[in-house]
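Written out below as C-alpha cells is the structure these notes cover.
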Amino acid sequence: MSPAATVALVFCESYEDEAAVLAAVARGFDLLGGAGRFFQPGEQIVLKPNMLSPDTPDKNVSPHPAVFRGVIKALQAAGVQLTYGDSPGFGKPSAVARRMGLSRVADECGVPLADFEEAETVSFPEGHFVKQFDIAKGVLAADGLVSVAKFKTHGMMRITGAIKNQFGCVPGARKAGFHARMSDEDKFARMLVDLNLLLKPRFCVMDGIVAMQGNGPRNGDPYPLKALLFSNDMAALDATMARIIQLDPRLSSVFRYAQEWGLGETQDIEYVGEPLERFIVNPAEFKANREPAPTTVVGGFLETFLKQYVVARPYIEEDKCVRCGNCVHACPSTPKAVNWHDGDRTKAPSYHYEDCIRCYCCQELCPFDAVQVETPPLGKFLNRLRL
Ligand code: SF4
Ligand code: SF4
C-alpha cells in the first residue's frame, strides 16, 4: 500500500544565489509531479506567506523573498492567477510586505495584494470545535490557497509551520479574540485544525533554508537547515518539521487532532528528494519549547494552580526593553496581563500572572527580543517525571 502522504525535501545552500533558490523551488514541485498536478490553468490562487511582523529578510521571520519568487514562478508557469497576503500581528499588510521584501517581488511578478483586512463570517457546521470563522475576503475570493510557511519555533505551539500559518487568514484583532478564548495549547490546536479543515490549503512550500530556533517566532536565532519542504498535506509537513528537530509529537496536540480529524497524515509519510536523515538536527543545537503543556501532565485539573506554578511563563529582560508597548497592545487578556505600572512608561511593563492565559503573544510580537519564556521550577520537575 502506498504511503498516505508525500513530502518533498530539497537541499538549498543559502539565499545568496537566487537562481539556485529558484531551481530548488522548481525541483520541489517537480518531485511531487509538478504544479500542474495540483492546480488548473486560470485558477485564482492566493499565496499566504507568513508575514508576522514588519521585519527585514535578514531577521528571518518570513519566507525569504527568493523563495517567494520561486513559488510565484512555479505557479505562474502552470497558468495560475495569483494574489498574496496575510494579516500580520502588527502593521498593515502592505507595509509589512514592503519591509519583508515580498511586495517588491510580487510587484515585479505582477501579483497583487489581496484583501486581508476585511473579513466575512463563514459558518462551518462540520467544525469539530469551532463552528464559525471570520476569514479575510482575499482568501474567500480565491479558488484555493497556497501556504508559504517558514520553519520556526513557537512558544505556545512548539513549531510554527504549515498548519499555524493559516491563522493569518483571520484578520486583525479577531486573532486576539481566538487567543483569549482558546486559552491553552490544546484548545488552540483544535481551532487551528478546524481552520485548516475549512480552508483546505492546496499546497505548502516551507522555507527552512535558514530556519529559526530558540525564542521564535520573531526573535529566535538563525539555524542553517538548508532545506525546502513541499507537500499538499499540511499535517505531514509539520510532522516532518517535528522529526527534523526531534520534537516529541506528543508535545503538540496539533498532530493528534490533525490525524484524528482527517486534516492529514502525521505518521505514514513518504519522502522524495533528499533523505530526511540529511536534515535531522541535534536537539541540543536547535532550541525549542520541549516542556509538556499542563494538560498533558495532569489532564486539565487545577488549571489556575498549573498556570501559576507549572506552565512556562513570559518575563521581560529590562535591559532589552525599549518601552515600545507592543506587548501591552498585543495582550488579548482582560484585564491586560502585561501592562505599564500605574501608566509609567519609563519602566518596562510588568506581568500579572494570575490574568495571563499563556498565549505568548507578547513574546511573539516584541520587536527587541526582550520577552523571554521560562518554566517555573515545579513545572521543570513534573516534566522530568513525565518524559
Ligand atoms: S518588552 Fe518588548 S514589546 Fe514590551 S515594551 Fe519592552 S520592547 Fe516593547
Ligand atoms: S501576558 Fe503575554 S502570554 Fe500572558 S496573556 Fe498577555 S500576551 Fe498572552
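In each ligand, atom 1 is the first atom listed, and ligand 1 is the first ligand listed.
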Numbered atoms and elements of ligand 2 in range of Y351, under 4.0 angstrom, heavy atoms = 1 (S)

task = Quick one: look at V371 and ligand 1, take heavy-atom pairs under 4.0 Å, and tell me if it's side chain, backbone, both or neither.
result = side chain

Option with minimal heavy-atom separation from atom 4 (Fe) of ligand 1, where the choices are G325, C327, C321 = C327

key: Under 3.5 Å: donor-acceptor pair, side chain of K48, backbone of N165   = yes

task = Answer yes or no: is there a donor N or O on one side and an acceptor on the other, between the side chain of D115 and the main chain of E117, under 3.5 Å?
result = yes

message = Strictly under 2.8 Å, is atom 6 (Fe) of ligand 2 approached by any N, O or S atom of C331?
response = yes

query = Short list, please: which atoms of ligand 1 are under 4.0 Å from a heavy atom of N326?
reply = 3 (S)

request  = Within a distance under 4.0 Å of any heavy atom of Y360, pick out the atoms of ligand 2 and give their elements.
outcome  = 3 (S), 8 (Fe)

ask   = Relative to ligand 2, is P332 under 4.0 angstrom through side chain, backbone, both or neither, heavy atoms considered?
value = side chain

Atom 6 (Fe) of ligand 1 to nearest N/O/S of C324 below 2.8 Å = no

query = Around atom CD of E126, are there more than 12 heavy atoms of other residues, nucleotides or ligands at under 6.0 Å?
reply = yes

request  = Go through the steps to decide whether I135 and L198 satisfy the test side chain to side chain contact (heavy atoms under 4.5 Å, CB included), and finish with yes or no.
outcome  = CA-CA 10 Å; I135 302 293; L198 169 67; 4.1 Å; yes

task = Report yes or no: is the cationic atom of R313 (NZ for Lys, CZ for Arg) under 6.0 Å from the centre of the six-membered ring of Y351, at an angle within 45° of the ring normal?
result = no

key: Closest protein heavy atom to atom 2 (Fe) of ligand 1, given as residue, atom name and distance to 0.1 Å   = C366 SG, 2.4 Å

request  = Would you kindly say whether K287 and T153 are connected by a side-chain donor-acceptor distance under 3.5 Å?
outcome  = no

request  = Could you list which atoms of ligand 1 come closer than 4.0 Å to a heavy atom of F368?
outcome  = 7 (S)

note = With heavy atoms and a 4.0 Å threshold, my read on which part of R323 contacts ligand 1 is backbone

query = Where is the tightest heavy-atom contact between L145 and C169, given as atom of each residue plus distance?
reply = CD1-SG, 3.6 Å

inquiry  = Show the atoms of ligand 1 that are less than 4.0 angstrom away from any heavy atom in I316.
reply    = 1 (S)

ask   = What's the verdict on ring-ring contact (aromatic ring centres under 6.0 Å, His included) for H154 and F188, showing C-alpha distance, side-chain angles and the deciding distance?
value = CA-CA 13 Å; H154 191 275; F188 203 77; 7.5 Å; no

